[in-house]
Student: 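Got a structure for you, questions after.
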Protein chains: 2
Amino acid sequence: MSHMVYGCLMTMDRERVLRTAAALLARKSTATMDEVARAAGIGRATLHRHFAGRDALIRALEQLGIQEFEAALDKARLDDDAASDALRRLITEMDPAADLLAFLYTENQLFEGDQINEGWARLDARVCDLFRRGQQQGEFRIDLTPAWLTEALYALVGSCAWAVMDGRVAKKDFQHMTAELLLGGARRVEK
Amino acid sequence: MSHMVYGCLMTMDRERVLRTAAALLARKSTATMDEVARAAGIGRATLHRHFAGRDALIRALEQLGIQEFEAALDKARLDDDAASDALRRLITEMDPAADLLAFLYTENQLFEGDQINEGWARLDARVCDLFRRGQQQGEFRIDLTPAWLTEALYALVGSCAWAVMDGRVAKKDFQHMTAELLLGGARRVEK
DNA sequence: ACCATATGAGACATCAACGTCTCATTCAGA
DNA sequence: TCTGAATGAGACGTTGATGTCTCATATGGT
């Protein structure tokens, strides 16, 4: 049966196209479908065969981003040991998907309430729980709300990814810059 | 002469339109010229009489943002006393313009090299100098580059403004949340 | 070598936003 | 009250991106 091979090739290609699209759209969020196709090295018609339209492409990117972020959350084992170390692990795991997440973070404002993927709420909750645990265990300061720390994590990951793309921050420093700034701000100050 | 009155009214109105446009575009960066006009309570034709086109509107917003940011930098007296306190003052002064700056920060990626206002470089340098001074005086940690701390300031101000718009952070907490997180991350840790 | 499928290139209609225009109305100052 | 400028509403034409279509070609499996 060619169905197995067909399906496999499709998903592989689909994956590759999505990666390329994410990389391009992270830099230029208004990139044309034609530009996306060229960047992926395929024709515009083929791009439309994979994704019904621009909306479908963005939604697929959103889905991919949710998957990657969720995988990062799983791999980071947020409930193990100190919250600081868990946060460090999370940032490390987020690194490969930073571009995609940065794009989705700024683009999410466009999903005007009508159709927000419920996946984000679940992921938000997991991150929020980590900060809350850190606060309850006396590791993090309590005057910064978990919701804000969560928001700050996204913002710093996104802006650091953007700074790396623009050459203002070295790629190898991504984890250190993001983690240290956020941890320094979140950690409780010993008196 | 009606010219004086005319000019005054125009600039006043222009200012008001720009404010409204900034508030709207910060939430929905793809807002139509028609939506911008409606939001400002004027007709689309009138909007075009004030600003030659969408480009001109964005450029005017950019100019306004640069002005406001520069004024904030001046009022914050970045060279006085401790760098920490100067940074706190800066964030306080940025508060009123946070929405506009948040919009411009995310929108700047669209100015693809061809026409970047040189004003930003000057402002970047002033902020960067503040962080550098803090490092040289032993107040800030030196493993985070001034360029990254500058970027982080923009990112945190922007995302906090956005969080306030969405009700995830209380408006009165803007300064505290932003300043404390950034300062905690920037400050040198006593051993 | 053959055939089915996927692909790339391009043509085409559609559509939304833009920019320009006109015209009736409103409003402020003389 | 009169007059001229500014405004709002709307009617255009234009443009750029989108989505759909066809057809020739390439590719991969048999």
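Every chain is numbered from 1 and lettered A, B, ... according to where its sequence line falls, protein lines coming before strand lines.
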Student: Distance-only, no hydrogens or angles: does the A:Glu68 side chain make a donor-acceptor pair with backbone N or O of A:Ala97 under 3.5 Å?
Tutor: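 Absent.
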Student: Nearest-Å distance, CG (A:Leu47) to P (D:dC21)?
Tutor: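 Rounded to whole Å, this separation is 17 Å.
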Student: Where do B:Phe174 and B:Val157 come nearest, in terms of heavy atoms and distance?
Tutor: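 Scanning both residues, the minimum pair turns out to be CE1-O, 3.7 Å.
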Student: Does the side chain of A:Met177 reach to within under 4.5 Å of the side chain of B:Asp143, using non-hydrogen atoms?
Tutor: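 No - every pair of side-chain heavy atoms lies 4.5 Å or more apart.
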Student: Output one letter per nucleotide in nucleotides 16-27 of chain C: B when a protein non-hydrogen atom lies under 4.0 Å from the base, S when only the sugar-phosphate is that close, - when neither is.
Tutor: -SBBB-B-----
Student: Got a sec: does the CZ of A:Arg168 have more than 12 other heavy atoms crowding it under 6.0 Å?
Tutor: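 Buried by this count: over 12 neighbours within 6.0 Å.
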Student: Any sub-3.5 Å donor-acceptor pair from A:Thr46's side-chain atoms to A:Ile42's backbone N or O?
Tutor: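 No, because the side chain of A:Thr46 does not come within donor-acceptor range (under 3.5 Å) of the backbone of A:Ile42.
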Student: Okay, side chain of A:Arg133, backbone of A:Leu78: is any donor-acceptor separation there less than 3.5 Å?
Tutor: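 Side chain of A:Arg133 to backbone of A:Leu78: a pair is present.
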Student: Identify the two heavy atoms, one from B:Arg126 and one from B:Asp74, that lie closest to each other, and give their separation to 0.1 Å.
Tutor: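 B:Arg126 and B:Asp74 have their closest heavy atoms at NH2-OD1, 2.9 Å.
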Student: For the helix from C:dA1-D:dT30 to C:dA30-D:dT1, figure out the bend between the end axes, five pairs an end, and round to 10 degrees.
Tutor: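 Nearest ten degrees gives 30° for this helix.
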Student: Taking only residues two or more places apart in sequence or in another chain, which ones pass salt bridge (charged side-chain N to carboxylate O under 4.0 Å, His left out) with B:Arg122?
Tutor: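 Result, salt bridge (charged side-chain N to carboxylate O under 4.0 Å, His left out) vs B:Arg122: B:Glu70.
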